[in-house]
Amino acid sequence: MPQRAAETHVATFTAQEALVCAMVLMSIADGPMSDSELAMMSRMVQELPVFADFHSSDIETVTDTVASLLGRTDGLDRAMTMLRDTLPMRLRETAYLLACEVCAADGDATQEELRFLQDLRIGLDMDRLIAGAIERAAKARFQVI
């Protein structure tokens with residue numbers, strides 16, 4: 001029965017929850033969520049206009065739902081379908097940007113994270129050039145001297 005509850009919740013994600021879902025998926029692509037990734041997610045939820053009426057405390061709720069979803073054999077596929085079905089194209093680009101920001105939060109993109117970004121781009125049905133521009137912008141934003 002718990003899986004059924006997770007299915008219901010996933011089916012009713014709001015656009016904001018779906019954006020957080022993309023960040024959570026990115027943060028756990030290479031293992032447990034790091035403190036820097038969680039801090040980046042919290043900062044973006046607090047600062048970005050798309051999250052105007054969303055509370056940082058709700059990140060934990062979405063994280064729990066994503067973890068429950070990923071416990072299923074088809075969990076990642078279901079998450080990608082939910083993201084694509086919930087988000088209009090303009091917010092799919094936002095989801096991809098948020099994932100790139102989380103990826104950059106701990107300073108170095110692992111192979112697992114890069115593979116997930118590719119899967120996310122495909123899952124969101126995004127143009128490769130648009131995704132590349134978003135990736136490049138995130139990389140430029142986090143350059144150090």
Side-chain angles (χ1 to χ4, degrees), residues 1-126 130-131 133-144:
M1 202 68 148
Q3 285 181 344
R4 189 173 194 109
E7 289 175 25
T8 301
H9 189 80
V10 170
T12 61
F13 262 3
T14 65
Q16 291 171 322
E17 290 169 329
L19 293 172
V20 172
C21 176
M23 291 191 290
V24 170
L25 288 170
M26 180 74 250
S27 72
I28 61 175
D30 63 344
M33 188 183 300
S34 71
D35 290 341
S36 58
E37 291 167 334
L38 181 57
M40 175 63 72
M41 289 190 296
S42 294
R43 190 168 39 256
M44 288 191 292
V45 165
Q46 291 170 0
E47 295 174 0
L48 295 178
V50 75
F51 293 114
D53 58 348
F54 190 83
H55 301 286
S56 293
S57 61
D58 292 332
I59 293 172
E60 185 176 343
T61 304
V62 175
T63 300
D64 291 344
T65 302
V66 170
S68 157
L69 182 63
L70 292 178
R72 300 172 48 97
T73 55
D74 64 343
L76 185 56
D77 290 337
R78 289 179 59 82
M80 291 296 181
T81 299
M82 182 274 306
L83 289 173
R84 188 175 51 253
D85 291 349
T86 302
L87 299 171
M89 186 53 76
R90 67 185 179 81
L91 290 181
R92 291 181 199 175
E93 293 174 2
T94 302
Y96 195 80
L97 171 68
L98 295 172
C100 287
E101 294 279 320
V102 170
C103 180
D106 53 10
D108 192 27
T110 65
Q111 285 301 313
E112 293 87 357
E113 288 173 323
L114 295 175
R115 204 169 309 119
F116 174 74
L117 279 175
Q118 179 180 357
D119 291 345
L120 183 61
R121 178 187 62 78
I122 292 166
L124 293 175
D125 195 28
M126 285 184 55
I130 291 172
I134 291 169
E135 291 166 15
R136 185 66 189 126
K139 182 178 179 182
R141 193 168 122 79
F142 286 93
Q143 290 293 328
V144 294

[X] [atom1] to [Y] [atom2] distance, which is reported to the nearest 0.5 Å:
{"X": "Leu124", "Y": "Leu117", "atom1": "CG", "atom2": "CG", "answer": "10.5 Å"}
{"X": "Leu70", "Y": "Thr63", "atom1": "CG", "atom2": "OG1", "answer": "10.5 Å"}
{"X": "Leu120", "Y": "Glu113", "atom1": "CG", "atom2": "CD", "answer": "12.5 Å"}
{"X": "Glu112", "Y": "Ile28", "atom1": "CD", "atom2": "CD1", "answer": "13.0 Å"}

Nearest atoms (heavy-atom pairs only) where [X] meets [Y]:
{"X": "Gln16", "Y": "Ala52", "result": "NE2-N, 4.0 Å"}
{"X": "Thr86", "Y": "Ala18", "result": "CG2-CB, 3.9 Å"}
{"X": "Gly123", "Y": "Arg84", "result": "O-NH1, 2.6 Å"}

So salt bridge (charged side-chain N to carboxylate O under 4.0 Å, His left out) across residues 39-65, not counting sequence neighbours, yields none
Pairs meeting criterion salt bridge (charged side-chain N to carboxylate O under 4.0 Å, His left out) with involvement of residues 88-105, two or more places apart = Glu101-Arg141
Does the pair Met44 and Leu19 meet the rule for a side-chain contact (heavy atoms from CB on, under 4.5 Å), with working shown?
-> CA-CA 11 Å; Met44 288 191 292; Leu19 293 172; over 6 Å; no
Answer whether the closest heavy-atom distance between the side chains of [X] and [Y] falls below 4.5 Å.
{"X": "Phe13", "Y": "Val62", "answer": "yes"}
{"X": "Leu98", "Y": "Leu48", "answer": "yes"}
{"X": "Leu69", "Y": "Met82", "answer": "no"}

Kindly indicate, with the supporting measurements, whether the criterion side-chain contact (heavy atoms from CB on, under 4.5 Å) is fulfilled by Leu83 and Leu25.
-> CA-CA 11 Å; Leu83 289 173; Leu25 288 170; 4.1 Å; yes
Please list all pairs passing the side-chain hydrogen bond (donor to acceptor under 3.5 Å, both in side chains) test where one or both residues lie in residues 30-40, with sequence neighbours left out.
-> Ser34-Ser36, Ser34-Glu37
Listed partners of [X] passing side-chain contact (heavy atoms from CB on, under 4.5 Å), at least two apart:
{"X": "Gln111", "answer": "Leu114, Arg115"}
{"X": "Gln46", "answer": "Ser56"}
{"X": "Glu135", "answer": "Tyr96, Cys100, Ala131"}
{"X": "Ile122", "answer": "Gln118"}

Partner set under side chain to side chain donor-acceptor pair (under 3.5 Å) for Asp74, not counting sequence neighbours | Arg72
Return each pair, listed once, that meets ring-ring contact (aromatic ring centres under 6.0 Å, His included) where at least one residue sits in residues 33-53; pairs must be two or more places apart or across chains.
-> Phe51-Phe54
Asp77 and Met80: side-chain contact (heavy atoms from CB on, under 4.5 Å), yes or no, with the steps?
-> CA-CA 5 Å; Asp77 290 337; Met80 291 296 181; 5.6 Å; no
Short side-chain to backbone donor-acceptor contact, Ser27 and Val24, under 3.5 Å | yes
